[in-house]
K.L.:
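Provided herewith is a single structure, encoded as structure tokens, for subsequent inquiry.
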Number of protein chains: 2
Amino acid sequence: MAKERVTVIDIARAAGVSKSTVSLVLQGSSLVNEATRAKVNAAIRELGYVYNRSAANLRQSKSKIIGIVVNDLTNSFFAELAVGVDAVVQSAGFVQFLANTSEKIERQREVIASMREHGVSGLIISPARGTEASDLAPLVESGIPVVLVVRDIAGAGVSSLTSDNHAGAVAAVRHLIERGHRRIAFLGGFADTAVFESRVRGYRDALLEAGLGPQSELVIGSAPSRAGGVTAIEQAMMLKERPTAALCFNDAVAFGVCDGLRARRLEPGADFAVIGFDDVIEAKTAVPALTTVSVDPQGMGERAAELLLKQIKAGRAEPEAIVSSVRLVVRQSCGAAAERRMKEVSS
Amino acid sequence: MAKERVTVIDIARAAGVSKSTVSLVLQGSSLVNEATRAKVNAAIRELGYVYNRSAANLRQSKSKIIGIVVNDLTNSFFAELAVGVDAVVQSAGFVQFLANTSEKIERQREVIASMREHGVSGLIISPARGTEASDLAPLVESGIPVVLVVRDIAGAGVSSLTSDNHAGAVAAVRHLIERGHRRIAFLGGFADTAVFESRVRGYRDALLEAGLGPQSELVIGSAPSRAGGVTAIEQAMMLKERPTAALCFNDAVAFGVCDGLRARRLEPGADFAVIGFDDVIEAKTAVPALTTVSVDPQGMGERAAELLLKQIKAGRAEPEAIVSSVRLVVRQSCGAAAERRMKEVSS
DNA sequence: TGACGGAATTGGAACGTTCCAATTATTAAG
DNA sequence: CTTAATAATTGGAACGTTCCAATTCCGTCA
């Protein structure tokens, strides 16, 4: 029962042609006669041939693999990003090699090395916290196209695709100010990331623009998770002057903030306004539906993949830094929808 | 700047040894002298050599890749499963090839074919809805070790790792009955899956055991998502005789049910008892914390990977069907924790 | 000194594909 | 019927590694 591997040579023999012809058929070449193509395909089915990509890769010294490395797959933002990438990558005839680093630089180094050994033709990386340009240097020198996504790294010399975090935060805070809020917190996230930095900067700028001084005690970091959101809002509610609204680092934190609010018998959307960031799928269906800055992770994954494929096709391309625009999606959790409904009725 | 690929031969030349010796070093063979090993390693670093796995795979006709195909990566249950697999697989020196089928049989066929072409040494599959034994036949005939996870497929002739859905459902429903509930609903999930079938069977058996007749109108299917949970509970509340408690198909549905309850000004845990299934990470931190049947997706991923690695090592092993036990984790959403606290105080 | 044995090293063949240049078959034109 | 042009097919080399059998090295013992 231990079957020998069937190779192009076996197919060739069965179909009465040469291995070169079989190879041509495999590649869908137009050079081969329709009748022989049929014969060959029949033999392939007959013998249960499976293509050996290792051999092909070796010969052509290139593969149809693209690698994607994410820092936290259990965060649904990144899971969605990955499925976005997968969708376009596979429809371009590539296959995706996905690795999760759990924010560990060392693990990231390993998986990138492993991907290079497998001869990926390109890499999409959402770098782990603390990744520096020097960590990526050997990779970019090798000339493999790389697209950094979500988190950019200064001086890395590769393309990047990030969201306009600053503008998103500004829009969210302006909206809260319009709704009459004066004490607005920024909750969650690790302070040492570029994403955090730009979102907080947007938050500060919007506050300043409205003449509301910098309220440093209202910026409260935490793990960027649901649990982190709970602790952040608890901390915020310990202040003598409590906030009445919060912009959260991401949607997971925002959900945690809602949880923490309810634990204190406060209803998010009614008693306290909360705005998230990212617009993960659950944001729409949660109760109250989450007002959030839509980043469209899946769409970002798709665009990153397209950018990468373009670079692969073009050979060596100039690195470009794309910042994709975001928009505020107003739902219930900031209390705005209700007010607007009233306004619509009264006008 | 276009660099030539550096190969073992270049290393050999630089280190003044033969390519065979370099190969030995690469494989960590004990045959090679410590001094030469050092020389070779120095040359490897010096020239920036990167191992070509395609060539190695071709020669040895085996790879260090294991494939994992899941039916829905955006569901955090499966994302966690994947990270569990990744953890053990990578510490065994393998690398993970992850693909998402989005429940599409056709896509599943493609990714499995692609993985075979890449010469994976084993496959962990959480099959798409409607997958039949015949879909997997060519794969299992090829002798590649396969472990089915989460969803078993009758007659496939491969190992499987599932959770004890029946026992979990029985435990959950018994708990609700003990708490005094008499009208208990089963909410969410697609009726044509084996997982649904066994959970509902457990639900029915527990009801029967307590002399509560079959309450067929209380079994309400829906998409196994948060949005699905909202619609299911809405439907349940339209009945003339409303339920007072529900066992949900999974945690996502349970969260949706909580949302739907709140939309009707009912507080989950106080006014209505809800129990989930799976115990995803958010279950613990949600408010109210979700009572749920713990399936430990990450642990399941780890066990599936271990099972697969064992089979790969053993060559051809007898297929085994493992059903991993589950346990009811009582938190707040079923109202039990509060009662118990009262009891503890009074006793 | 020579023979022996274990440790370390080595050249060449092989893995299954693709590419290239060359060959053969077919058709069209004169 | 010959020649040219085009279409279809082909054998062999090459890709970078590992494996095998063979060889060299070196110290030890008689």
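Below, chain A is the first sequence line, B the second, and so on; all start at residue 1.
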K.L.:
Please work out if B:Thr7 contacts a base, only the sugar-phosphate, or nothing of the nucleic acid, heavy-atom cut-off 4.0 Å.
P.N.:
sugar-phosphate
K.L.:
Could you state the atom-to-atom distance from NZ of B:Lys19 to P of D:dC20 in whole Å?
P.N.:
14 Å
K.L.:
Keeping the roles fixed (side chain from A:Ser121, backbone from A:Ser63), state whether a donor-acceptor pair exists under 3.5 Å.
P.N.:
yes
K.L.:
Taking the side chain of B:Ala55 as its heavy atoms from C-beta onward, which of C:dT10, C:dT18, D:dT17 lies nearest to it?
P.N.:
D:dT17
K.L.:
Please work out if B:Ser20 contacts a base, only the sugar-phosphate, or nothing of the nucleic acid, heavy-atom cut-off 4.0 Å.
P.N.:
base
K.L.:
Nearest heavy atom decides the nucleotide; on that basis, is B:Lys62 or B:Ser54 closer to the 5' end of DNA chain D?
P.N.:
B:Ser54
K.L.:
Between D:dT10, C:dG16, C:dT9, which one does the side chain of A:Arg5 approach most closely?
P.N.:
C:dG16
K.L.:
Quickly work out the A:Asn57 CG to C:dC19 C1' distance and round it to whole Å.
P.N.:
15 Å
K.L.:
In whole Å, I'd like the distance from the OH atom of A:Tyr49 to the P atom of C:dG16.
P.N.:
10 Å
K.L.:
Within this structure, what is the CG-to-P distance between A:Asn52 and C:dA14, rounded to whole angstrom?
P.N.:
18 Å
K.L.:
Which nucleotide in the list D:dT18, D:dA13, C:dT9 gets nearest to the side chain of A:Arg59?
P.N.:
D:dA13
K.L.:
If I take atom CD1 in residue B:Ile9 and atom P in nucleotide D:dA14, what distance separates them, rounded to the nearest angstrom?
P.N.:
12 Å
K.L.:
Is a salt bridge present between A:Arg129 and A:Asp192, judged by a nitrogen-to-oxygen distance below 4.0 Å?
P.N.:
yes
K.L.:
With a 4.0 Å limit, can you tell me whether A:Gln60 has a side-chain N or O closer than that to the phosphate oxygens OP1/OP2 of C:dC19?
P.N.:
yes
K.L.:
Please tell me if A:Thr36 has a side-chain N or O lying less than 4.0 Å from either OP1 or OP2 of D:dT9.
P.N.:
yes
K.L.:
Please state how far atom CZ in B:Arg116 lies from atom P in C:dG16, giving the value in whole angstrom units.
P.N.:
15 Å
K.L.:
Closer than 4.0 Å, any side-chain N/O of A:Ser18 to the OP1 or OP2 of D:dT10?
P.N.:
yes
K.L.:
Charged N to carboxylate O below 4.0 Å: is that the case for B:Glu306 and B:Arg303?
P.N.:
no
K.L.:
For C:dT18, does OP1 or OP2 lie under 4.0 Å from any side-chain N or O of A:Ser23?
P.N.:
yes
K.L.:
Expressed in angstrom and rounded to an integer, what is the separation of B:Glu117 atom CD from C:dC15 atom P?
P.N.:
21 Å
K.L.:
Run through B:Asn100, B:Thr101, B:Thr131 and flag the one making a side chain to side chain donor-acceptor pair (under 3.5 Å) with B:Gln108.
P.N.:
B:Thr131
K.L.:
Rounded to whole angstrom units, what separation is found between the CG atom of B:Leu58 and the P atom of D:dC15?
P.N.:
14 Å
K.L.:
Do we see a donor-acceptor contact under 3.5 Å between the side chains of A:Gln27 and A:Ser23?
P.N.:
yes
K.L.:
Nearest to the side chain of B:Tyr51, heavy atoms from C-beta on, is which of C:dT9, D:dT10, D:dT18?
P.N.:
D:dT18
K.L.:
Let me know, please, whether A:Leu24 or B:Ser61 comes out on the 5' side of the other along DNA chain C by nearest nucleotide.
P.N.:
B:Ser61
